[in-house]
Structure formats: structure tokens, C-alpha cells
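Only one structure is covered here, and it is reproduced in the block below.
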Amino acid sequence: MKFGVVRFPGSCDEVDAQLACERVGDAVLLWHADRDLQGVDGVVVPGGFSYGDYLRAGAIARFAPVMESVAEFAREGGLVLGICNGFQVLCEAGLLPGALLPNETLRFVFRQVNLQVVDSGTPFTRACAPGDTLSIPTKHASGRYFSPAPVDVVLRYAPGENPNGSQDDIAGVRNEAGNVFGLMPHPEHAVDPLTGSVDGLKIFESMRASLTSRVAA
Amino acid sequence: MSAAAADERHRALGLTDGEYDRIVELLEREPGDTELAMLSLMWSEHCAYKHSKKLLRRLPTEGPAVLMGPGENAGVVDVGGGLGLAFKVESHNHPSAVEPFQGAATGVGGILRDVFAVGARPIAVLDSLRFGEVGRSARSRYLLEHAVAGIGHYGNSIGVPTVGGELYFEHSYEQNCLVNAMCLGLAPQERLIRAAAAGPGNVLVLLGALTGRDGIGGASVLASAEFGEGDADKRPTVQIGDPFAEKKLLECSLELLDRELLVSLQDLGAAGLTSSASEMASKGAVGLDIDCDRVPLREAGMEPFEIMVSESQERMLCVVAPELVGDVIAVCERWETRATPIGEVTDSGRMRIHADGEIAADLPVGILVDDCPLYDLLPEEPTGGPSAIYSAPEPSLPTGSADAVPAAGDTLLALVASANLASRLPVFEQYDPVVQSRTVRRPDEADAAVLSLPTGEAIAVAIDGNGRRVACDPRTGAAEVVYECAANLACVGGEPLGLTNCLNFGNPEKGHVAWQLTEAIEGIAAACEALSVPVVGGNVSLYNEAPGGPIYPTPVIGMVGRLPDPARTGRLAFGAADDVIAIVGAFEPSAVGSELAKLRGEPLRAPLPRLDAQAAIAAHRAVREAVRAGALSSAHDIAEGGIATALAECCVAGGIGARVEIPDGIDPFAEALGRAFVISGSAEAIAAISNDVRDAAPVTVIGRVGGSALELVGVLDVPVQALSEARAAGLAALL
Amino acid sequence: MRVRVLVSPKQGILDPQGQAVERALPALGFEGVANVHVGRLIELDVEDPSQVPAMCDALLTNPLVEDYEIVETAPAPHPQPAAHPQHLS
Amino acid sequence: MRVRVLVSPKQGILDPQGQAVERALPALGFEGVANVHVGRLIELDVEDPSQVPAMCDALLTNPLVEDYEIVETAPAPHPQPAAHPQHLS
Ligand SMILES: Nc1ncnc2c1ncn2[C@@H]1O[C@H](COP(=O)(O)OP(=O)(O)O)[C@@H](O)[C@H]1O
Ligand SMILES: [Mg+2]
């Protein structure tokens with residue numbers, strides 16, 4: 001089981017994501033300028049401030065050469081997880097619906113939030129029970145999800161905990177096929193009891209389980 | 001007639017006539033424009049420490065853990081496992097007063113560069129902020145909001161967690177806000193690098209951003225004569241931080257070091273190329289030739305002096321063997337970072353600046369770096385005490401006749417809601433404290449931040465500095481700051497390894513400020529000696545004066561420590577009903593310099609309560625050992641707002657009440673910082689601790705955790721909910 | 001050719017920046033202000049202005065949430081923006 | 001009166017956003033682009049346009065780092081911003 005974590009100039013949480021992946025499998029960093037995905041089984045587009053978040057968060061990163069391969073990988077059904085800035089990149093790239101707008105407060109906010117698992121049937125949430133609550137940190141300045149059309153919601157902020165003004169408390173969505181998932185909270189920062197909760201591990205465990213069963217099939 | 005009298009340029013550049021005469025004497029000629037620009041900056045207070053250097057010699061700088069002490073870009077201590085921990089605090093007060101967002105942001109950018117300049121990967125930032133009374137001053141609210149946003153912007157975007165900080169509001173900072181930032185970095189010891197240039201024939205390579213007319217500041221007077229009406233574009237400009245550029249510069253610099261491609265590395269900070277290059281030359285006892293024409297510029301038509309003093313951000317300077325320059329450029333290209341050879345190391349002992357095929361400056365390195373005169377201060381203790389210098393704070397609590405005085409419960413609510421004591425959540429919520437996956441204790445979880453190390457151990461860090469108390473009694477007040485930092489570390493089981501400091505003071509040429517500075521340094525030095533904590537670096541910011549007088553003398557101390565097991569560290573929240581609460585340490589507080597005295601509008605007074613070093617150290621040790629043993633549910637030092645406030649904070653954090661009897665003779669709101677703690681744990685655990693440390697540090701059981709209110713028997717009884725709401729609202733309403 | 005791209009939030013999408021400005025102005029004594037929106041201004045020199053719409057669609061704007069307008073200004077200038085703000089109408 | 005305030009980074013000041021866009025465009029195949037700057041666009045309805053410069057100085061812009069230009073557009077419109085981008089010249 002090998003995860004690939006994309007590294008753009010300005011990525012900040014790529015090593016954190018790599019460490020989280022390594023709790024359930026192997027993980028390598030994928031350099032933004034390389035098209036080669038090194039045969040990974042799943043891709044994580046991590047958090048941070050790719051290209052400084054200049055212009056719009058994720059706007060420039062989506063054009064990195066590696067993203068062509070990631071898009072191709074996604075089209076072929078590969079599992080792609082976008083975390084925070086990665087979610088923004090996937091939306092900008094059209095791999096996920098919608099857009100992430102500046103927080104309603106116009107401020108960056110760090111907060112440990114509770115998330116409701118709306119859809120536990122995805123390859124990213126199958127380790128969760130329906131209605132599970134996950135305690136995971138969020139940290140971003142542009143996390144207000146907006147989509148003019150209905151979307152497949154996977155995670156919502158628990159009632160009263162929406163940190164950014166997101167439409168319908170949406171914290172994470174998937175594509176129609178279900179193999180691409182983006183969320184604003186940072187599951188990779190919730191994998192170690194020493195530094196916080198371990199609820200985020202369920203996302204990585206779900207991916208591992210999905211990939212393993214696929215490989216077996 | 002002296003040379004000085006004949007030429008006025010130097011005065012506009014901030015040099016005295018005496019200093020200018022000295023320059024002419026040393027050079028045996030008049031300096032040219034570029035030379036004078038360079039000299040005026042190198043001989044400025046900021047670069048030459050001319051009013052503080054002699055005093056700083058009093059600070060102890062040696063200790064078994066010290067790997068690099070003052071004089072390098074950041075101090076470094078040994079944290080075991082072959083790792084060095086680099087850290088430093090620096091001020092960006094003036095730029096933040098002008099443009100708080102960019103000033104604070106570039107302050108963070110600057111201190112990060114100091115840390116990766118020694119080869120360490122920045123792993124944490126802390127911020128220390130002072131503003132005027134935000135409750136009364138719209139300007140101060142503006143500065144607060146934007147400085148905090150700027151710090152968050154830079155730290156968050158570059159992926160370094162901001163794990164702690166401190167924030168006070170006092171009238172004395174109304175015209176002179178303080179924005180100090182501290183950075184910690186981690187390095188394998190073999191990657192540590194010094195700034196000394198070496199090896200004549202080696203190449204000087206400038207890394208990072210283009211050079212523009214940023215922050216040319218005072219030196220721009222040299223150009224002002226040429227400013228026509230249409231030359232607005234030649235004016236110096238505010239420095240804009242680009243954390244994205246710095247992120248690439250950081251990764252690139254560390255990769256260059258990992259590949260052993262550099263002889264030396266140095267950041268560009270204040271005074272730009274001039275300062276960086278001449279300090280590299282001085283440390284290596286070599287000369288440097290720099291060609292301005294090769295410096296990549298952001299704007300056309302920059303003059304050599306502008307290039308040499310530009311403070312454009314996100315640049316570094318390194319020395320490279322000629323055969324490795326190609327490799328260096330290749331690594332930099334991968335990180336989309338510019339790398340330009342701009343000169344070379346010589347054995348001339350001179351800084352020679354070339355431009356347009358001519359020599360724009362040719363100065364001995366020594367005159368730039370070593371020859372600025374150092375001044376003795378003329379300290380004079382103000383005869384009328386602190387209130388002769390500072391007006392009393394404006395009262396915000398009624399005083400006077402007995403029935404006007406609020407009940408103790410209301411006093412406590414007012415204290416926890418006051419700007420200096422209220423929850424800092426609205427500030428630190430704007431900072432990412434967890435990136436890099438090391439943060440074991442975030443803000444508000446404990447008195448110090450705790451970061452795990454790859455060795456399995458952990459480090460703790462705290463930053464502190466209560467200027468009002470230092471104003472009351474500079475020597476004891478400054479010492480208290482050091483003890484408070486050490487106490488904060490003790491609360492998480494940390495043992496001090498070293499400290500850094502930023503001395504924010506008024507005009508040292510004034511007798512009373514000189515006295516404050518002298519006394520404060522004495523207090524810090526004595527505390528460091530007693531605690532065996534070396535000073536490994538720091539920064540001095542003087543002349544923080546307004547027409548109304550100086551700021552409160554504000555030494556900011558950042559201290560780091562080590563603890564063996566991150567799984568056994570402390571929390572400040574009361575944990576479980578029925579836990580026993582005890583005071584550890586000799587605690588004889590007074591109302592002098594307290595937050596309550598401030599809220600009542602009382603004039604500043606001396607002296608602060610006496611500080612018994614051995615008693616304080618024994619209390620620190622007792623708490624540290626108990627935390628490390630995993631014996632405690634909570635540990636919190638008793639600081640501003642007295643024991644009532646400390647207990648309220650433990651209750652609010654734990655969402656649980658407590659019933660406590662305050663020992664006779666202790667005013668619940670009186671203060672003595674850094675000496676005593678409130679701890680909680682099982683009855684057996686507290687009894688065992690008491691037994692262990694009885695002779696050294698008193699452990700006084702005062703009550704139990706439980707219920708939904710904080711009750712100080714016979715004094716006050718307030719629901720935790722009310723305390724929590726008051727504490728949450730205090731700052732949120734202002735930010 | 002110097003070109004300006006004026007990017008504004010699409011109608012109907014919450015614009016907290018615009019709202020914040022709208023709320024702050026009366027507090028400073030400016031009355032009679034409504035309908036405030038805050039967007040982005042991108043200025044660039046281009047050799048071929050016909051490419052600009054494509055640049056907008058690809059990178060400069062997000063068509064899902066933003067509208068834009070392209071304004072050509074002076075022909076290929078490297079102009080000094082006015083040192084002092086100008087009032088053009 | 002609908003007014004637009006065009007805010008750009010002051011001349012000579014570092015504009016990291018502009019630089020980032022300038023570097024990104026060629027990678028997308030757009031050549032011949034230079035001098036890119038990214039600023040802000042503020043649109044508002046005002047009763048008294050003569051107040052706008054004061055609003056700019058007090059709140060809308062940061063004169064230390066930004067220049068601005070005021071453009072009056074349609075008289076008191078509550079217009080639909082063009083649903084599709086327009087190319088004006
Ligand atoms: N208050 C102080 N205590 C100890 N060392 C100090 C103090 N102030 C400055 N120093 C040391 O003096 C040197 C020069 O400081 P500074 O000019 O701030 O360095 P830089 O140019 O790298 O920012 C540094 O090594 C710094 O640690
Ligand atoms: Mg330095």
C-alpha cells in the first residue's frame with residue numbers, strides 16, 4: 001500500500017500528511033514538477049499555502065505538472081484525498097464541485113471542530129459508522145464552501161461549529177464517482193493521542209481498507 | 001574647524017559630530033556617499049548596540065548545553081540525540097507602528113531567517129505584543145488587529161506553528177507599540193553553521209528576493225536632494241512580507257546545507273547587504289568585494305547606497321567555493337529561488353563595493369563592525385519613584401468609599417475580563433499551532449508550549465515580560481520575568497536550558513531610562529545565575545519614547561527547556577472532582593504593581609515583594625519533578641491577578657469548580673510572580689509531594705476541586721460559567 | 001497594451017468583505033452608501049489583448065463565483081500610476 | 001451613483017501576488033505578459049460621490065502601500081453585473 005503526497009512550493013502540511021499515511025501504509029512525496037506518480041495506490045493533495053495562496057487559494061497549484069497526472073489518476077478511479085489547500089486545489093481543478101471562499105469572518109481560524117459523518121459509504125469514511133462524530137482541527141482562511149448545484153456531502157460541521165460560514169455546514173464533499181474527496185479540516189493532525197485526538201486516523205484507515213480490498217478484488 | 005562641522009550629511013543620517021569626526025580620523029579622509037550610508041547604519045544603535053553593549057556583558061552566556069551563544073544569528077543549545085535547538089527573539093516595533101500588518105509579518109519573517117541562517121529548521125514561533133489601552137484607544141485596536149493578522153499571515157503561510165505568546169495593554173505603549181517575535185529551530189548538530197566568511201577566492205552568492213527600495217528609511221536623506229516633484233517612485237517603501245518566497249528560501253537554504261555546498265550562511269535583516277556582508281567578513285577576518293551591478297534589482301535606477309542598505313525581505317547571503325557555485329544555483333532553481341554571485345571573499349580585510357565600473361565604497365571591515373564608539377550610560381534613579389516617570393493608569397474599577405468598592409466576586413470577574421487577563425483565544429485562534437505535528441501542548445492547555453522531539457523527549461518554551469512591574473521596580477521586576485518563564489516551564493515538567501531576551505526600553509541617554517536598563521539587566525543576570533540559565537542571544541530596542549515619556553521598561557524573556565517524556569507533561573486545567581488543591585512555594589504577594597492596582601488606577605509603586613531565589617527554585621523543582629512523575633492532574637503558576645485569578649483559570653480550563661480556603665494573610669488578588677504554583681492531584685499524590693519536598697518548598701493544601709463554582713471561603717463564590725463568560729468576552733469585544 | 005481585469009463576486013454570493021466595508025463606513029461618518037462589493041483588480045501588460053479572456057477563464061478568475069470585465073487602458077505604457085490619487089469620472 | 005475604486009499596490013512596492021501570476025501565465029501558454037499587479041476592486045453606490053476620496057483615505061485603502069483611482073460608472077444603478085464577461089475597450 002503506497003500513498004503519494006503531493007508537494008507544491010508553499011505546501012506546509014505535506015510531511016504531516018506523509019506521517020499520517022505512514023501510520024497505515026507507505027508514503028512518498030510527489031514533487032509538483034514531476035508527472036510520475038511513482039506507482040502510488042492513492043494520492044493526497046495536502047494542506048498549506050501552495051504558491052502562497054496568491055490570487056485565489058489553489059488557483060495556481062492546479063496547473064502544476066503533477067496535477068495532470070493526478071487528474072488522470074482520478075479519471076481512472078484512483079483515490080484522491082484533498083485536505084484544506086488540497087481541497088481548494090481539487091475544486092479549482094474541477095475534480096470536485098464548488099469553490100472555497102474566504103471565511104465569513106475574513107480571518108484565518110484555527111479550531112478543533114466536531115464533524116458529523118454524513119456519508120460513511122465512501123472509500124474515505126468506511127471506517128466510520130454513520131452519524132459518527134470526529135474531532136479534528138481546522139485551520140484556514142478560505143474554507144467557506146459554496147456550490148450553486150447540489151453536491152454529495154461527506155462531512156458536516158456539527159451544529160453550531162461551522163467555523164467559516166460554509167454553505168449547509170459542509171466540511172467535506174466527494175465527486176460523483178466517489179473516488180475523489182476533499183475536506184477543509186485536517187485529519188492528518190488528528191492521528192496521535194500525544195498531539196490531539198486520533199479521529200483523523202479513520203480517514204486514512206478507510207483509504208487503506210478500500211485500496212486493500214480493491215487490490216484483493 | 002572639524003570635518004563634522006563642515007558637512008551636515010551625517011547628522012541627517014543620525015551620526016553625531018563626534019562620531020563623524022572619528023570616522024574621518026580613522027579613514028584619514030571624508031567618506032563618500034555610499035560609505036557614509038553604510039557607516040551610518042553600522043554605527044546605528046540597532047547594529048552597533050552602542051548604548052547597550054557594555055551592559056550586555058553582564059549577562060551570563062555560558063552553560064553546559066550551549067552550542068552557540070550571543071554573536072551568532074541565533075543561540076543554540078544541545079537538546080540531546082545530536083540535535084541543536086536554535087532560538088532568538090527580535091523586535092519589529094517601529095515598522096509595526098507604521099504599518100502593523102506588514103511590520104509584524106516581516107518581523108516574523110526576519111526572526112525565521114535568523115534561525116534558518118544557523119542551519120536550523122524553524123519549528124515554532126511565539127509573539128510578544130504590547131499596545132496602548134485597547135479599551136480606550138481606537139488606534140491601539142487597529143494596531144492589535146493588524147499586527148496579529150500579520151503574524152498569523154506569515155507564520156501560517158510558511159508552515160511554522162505559532163505555539164505561544166503574550167500580550168499586554170498599557171497606556172505607556174500608546175505611541176510605541178511593541179511587536180517582538182521569537183522563533184525556535186531544530187538542527188542536526190552537524191548542520192549548524194556560522195556566519196563567518198572564509199576562503200579568499202570563494203564566491204559570495206545572494207539568495208532570494210529582488211532588491212528594491214524597501215525600508216531604506218533614514219538613509220534616503222542621501223537621495224532626498226535629488227527628489228524632484230515627479231520622483232515619488234524613488235521614495236523608500238514599506239517592506240512587504242512574502243512568506244511564500246521565504247518558504248522556498250528556507251527549504252532551499254536547508255537543502256544547500258544538507259548537501260554541504262556552503263562555507264557560511266547569513267540572513268539579510270536590518271541594514272541589508274551592508275550589515276550582513278560586513279559581519280560575515282568581520283567574523284571570518286577577511287575582506288569582501290561586492291559588485292552592485294550584479295545585484296538583481298526590482299526597480300531600475302537604484303543607486304549603490306540604496307542597493308547596499310535596502311532592507312528588502314526574504315534574502316540570504318552565502319559563501320560558496322567557486323567549483324560549487326553551479327551546484328548551488330541548480331538547487332536554488334529547483335526551489336524557484338534566485339541565486340546570484342555578487343562578489344568574492346578577499347584577503348584585503350576591506351569591504352569594497354563596486355558599481356558602474358567604479359569603486360563606490362572602500363572601507364576597512366573593522367571600521368564598519370568594531371570601531372563605533374560604545375557609550376557608558378549615566379544611570380540616575382528617579383527621586384520620586386516610578387510615579388515620577390509614569391502617570392497613574394486610568395481607573396476602570398470604582399474605589400474609595402467602602403460601599404462603592406465592588407464585592408470580591410465582582411472584582412474577580414472584572415479581573416478575568418480585563419484586557420490583560422482575559423482569554424487570548426481571539427488572538428491565538430488566528431495562528432496555526434499544530435503544523436509540523438510536534439505540538440503536545442497548545443496555547444491555553446498549559447503555561448508553556450510543549451513540542452515533541454524525534455529523540456522521544458520534548459522541549460518546552462515560554463515567553464514573558466510584565467513591563468508595568470519592571471517599571472515599578474526594574475531589578476526585581478526583570479528578575480521576576482526570568483523566574484516566571486522558568487515557572488512556566490516547571491508546570492509542564494521542563495528544566496531550563498537557555499534563554500533569549502529582547503530589551504525594549506526608552507531613550508538610554510536619559511538618566512532614568514539608563515537606570516531602568518542597568519537595573520533590569522542586573523536583575524536578569526542575577527536570576528540567570530541563580531537558575532543556571534545562560535543567555536544565548538537577544539535583541540535590544542531602545543528609544544521607544546513618546547513626548548509623554550518612555551514606554552514601561554519591557555524586557556521580554558523567551559526561555560526553552562527540556563523534558564524527558566512528552567506523555568508526562570502538565571496541564572493547567574483542573575481535572576477531576578475531589579482532587580486536592582495545594583499551593584507550592586513561599587508565596588508572600590503584595591498589591592504593588594498588580595493588575596488590581598492598575599484597574600483601580602493606583603500610581604505605580606516600589607518595591608515589588610522580595611524574591612527569594614532559593615525558595616523559588618525549590619518550588620520550581622518540586623513542581624517539575626511532580627509533573628515528570630505524572631503525579632499531578634494540574635499545575636499552574638500564580639501570576640497576574642493573584643491566587644484568585646490562578647484558581648479561576650484552572651476552573652475555567654477544566655470546566656469544573658473548586659472550594660478553597662486562602663491561607664491567612666494572603667490577599668487573593670495580590671501578586672508575586674514566578675515563585676509559587678497552584679497544583680491539584682489525588683490526596684495521596686499531594687501528600688507524597690509534600691513529604692518529598694517539605695524542607696525545600698512548602699506545600700500548603702488549600703482545598704478541593706469540584707462543583708460548578710469557585711468558592712474562596714469567606715471571600716467569594718462565583719459560578720465557573722460566569723468566570724468563563726467574563727474571561728471569554730474581555731478581549732473578544734476588542735478584537 | 002495595458003489591460004485591467006475587474007473581478008467582482010458573483011451576484012447572490014455572500015460577500016463578507018463588502019458587508020464589512022458597508023458596516024464600517026457609517027461608523028466613520030460616511031452615510032448613504034449601499035451595495036458595497038469587494039473584488040480584485042488585475043493589471044497587466046499584454047502583447048496580445050485577445051488572449052485576456054482566455055487568461056481570465058483559465059487562471060485569473062473563478063467563473064463559478066466571480067464575474068469579470070476587461071478594460072484596456074493606455075496602449076503599451078509603462079506608466080507611472082499617479083503619485084497622488086486621481087479622481088476620474 | 002455607482003462608483004468603483006481601483007486599488008493597486010503602490011509603485012515600487014513588492015507585489016508578491018502580481019509576481020506569482022506573472023510567473024504562472026507562461027506556464028499556461030500565455031506569453032508576452034509583463035508588469036502584472038494584483039490589487040482590489042471596490043464597488044459601491046454612494047449618494048455623494050465627492051465623499052469617496054475621503055472614504056478611500058479613511059478606510060477603503062491603505063495609503064502607505066496602495067494607490068487608488070476612482071471611477072464613476074452608471075448613475076445610481078442597481079445593475080446586474082454582466083452575466084457573461086464583457087470585453088470593453
Ligand atoms: N539583549 C541581548 N542579550 C544577549 N544577546 C544579545 C542581546 N541583544 C543582542 N544580542 C546578540 O547580539 C547579536 C547581534 O544581534 P542582532 O543585531 O539582533 O542580530 P541579527 O542582525 O542577526 O538580527 C546577536 O547574536 C544577538 O543574539
Ligand atoms: Mg541575523
Side-chain angles (χ1 to χ4, degrees), chain A residues 7-20 22-23 29 31-34 46-55 57 60-61 64 83-85 103 105-113 136-142 163 185-197 200, chain B residues 121 145-146 148-163 241-252 314 333-337 425-445 450-452 454 456 458 565-569 735:
Chain A
R7 172 180 246 190
F8 300 110
S11 290
C12 297
D13 303 85
E14 75 278 31
V15 176
D16 311 69
Q18 186 183 17
L19 291 171
E22 282 170 355
R23 287 174 185 265
L29 291 176
W31 186 247
H32 64 99
D34 295 339
F49 289 74
S50 58
Y51 298 89
D53 266 6
Y54 293 141
L55 198 64
I60 299 180
I83 302 171
C84 193
N85 192 233
N103 295 350
T105 58
L106 301 173
R107 284 184 181 164
F108 180 97
V109 62
F110 169 86
R111 203 173 284 169
Q112 189 84 23
V113 292
I136 291 182
T138 50
K139 48 183 187 103
H140 54 255
S142 292
H186 285 261
E188 80 282 21
H189 287 295
V191 296
D192 181 354
L194 201 57
T195 53
S197 84
Chain B
R121 171 174 290 278
E145 179 185 346
H146 290 86
V148 166
I151 289 165
H153 167 66
Y154 213 103
N156 298 337
S157 309
I158 201 169
V160 179
T162 301
V163 299
D242 182 356
F244 174 53
E246 182 134 313
K247 170 79 171 157
K248 294 184 290 185
L249 184 62
L250 152 66
E251 298 296 345
C252 175
E314 290 96 21
E333 266 172 9
R334 191 173 129 85
W335 285 106
E336 299 173 9
T337 291
L425 180 76
V427 171
F428 66 71
E429 205 176 46
Q430 299 184 49
Y431 305 149
D432 175 356
V434 301
V435 65
Q436 297 191 20
S437 299
R438 282 189 195 87
T439 312
V440 177
R441 287 292 176 269
R442 305 172 187 174
D444 254 8
E445 290 184 340
V450 178
L451 303 168
S452 63
D565 182 2
R568 283 188 175 177
T569 184
L735 189 67

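Throughout, a chain's letter reflects where its sequence line sits, starting with A, and its residues are numbered from 1. Just so we're clear, the structure is a prediction, and the values are computed from it rather than from any experiment.
Here the CG-CG distance, from A/Asp13 to B/Asp432, works out to 6.5 Å after rounding to the nearest 0.5 Å. Interatomic distance, A/Arg107 CZ to B/His153 NE2, rounded to the nearest 0.5 Å: 15.5 Å. Summarising the geometry, atom CZ belonging to A/Phe8 is positioned 13.5 Å from atom NZ belonging to B/Lys247; distances are rounded to the nearest 0.5 Å. Rounded to the nearest 0.5 Å, atoms OG1 (B/Thr439) and NE2 (A/His189) are 8.5 Å apart.
The contact between A/Tyr54 and chain B is made entirely by side chain atoms (from C-beta outward), counting heavy-atom distances below 4.5 Å. The contact between A/Gln112 and chain B is made entirely by side chain atoms (from C-beta outward), counting heavy-atom distances below 4.5 Å. Contact annotation for B/Leu451: neither backbone nor side-chain heavy atoms come within less than 4.5 Å of a heavy atom of chain A. When heavy atoms are compared at a cutoff of 4.5 Å, B/Glu251 approaches chain A solely by way of its side chain, counted from C-beta outward. With a 4.5 Å cut-off on non-hydrogen atoms, A/Thr105 does not touch chain B at all. Using a 4.5 Å cut-off between heavy atoms, B/Ala149 does not touch chain A at all. Using a 4.5 Å cut-off between heavy atoms, B/Ser157 contacts chain A through both its backbone and its side chain. The parts of A/Val109 that come within reach of chain B are both its backbone and its side chain, each placing non-hydrogen atoms under 4.5 angstrom from that chain.
Residues B/Val434 and A/Thr195 have side chains not in contact (no heavy-atom distance under 4.5 Å, counting atoms from C-beta outward). Using a 4.5 Å heavy-atom cutoff, the side chains of A/Phe108 and B/Glu429 are not in contact. Between B/Gln436 and A/Leu19, every side-chain heavy-atom pair lies at or beyond the 4.5 Å cut-off. Inter-residue side-chain proximity for A/Lys139 and B/Gln430 is flagged as unmet; no heavy-atom pair is nearer than 4.5 Å.
Interface summary for chain A: among B/Asn156, B/Leu425, B/Asp242, the most heavy-atom pairs under 4.5 angstrom belong to B/Asn156. In terms of heavy-atom pairs under 4.5 angstrom with chain B, the leader among A/Pro193, A/Gly10, A/Pro9, A/Pro137 is A/Pro9.
Of all the heavy atoms in B/Arg442 and A/Gly196, the pair that sits closest is NH2-CA, 4.1 Å.
Not less than 6.0 angstrom separates the ring centroid of B/Phe244 from the ring centroid of A/Phe49.
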Quiz item: Please walk me through it: do B/Arg438 and A/Leu194 pass side-chain contact (heavy atoms from CB on, under 4.5 Å)?
Solution: CA-CA 9 Å; B/Arg438 282 189 195 87; A/Leu194 201 57; over 6 Å; no
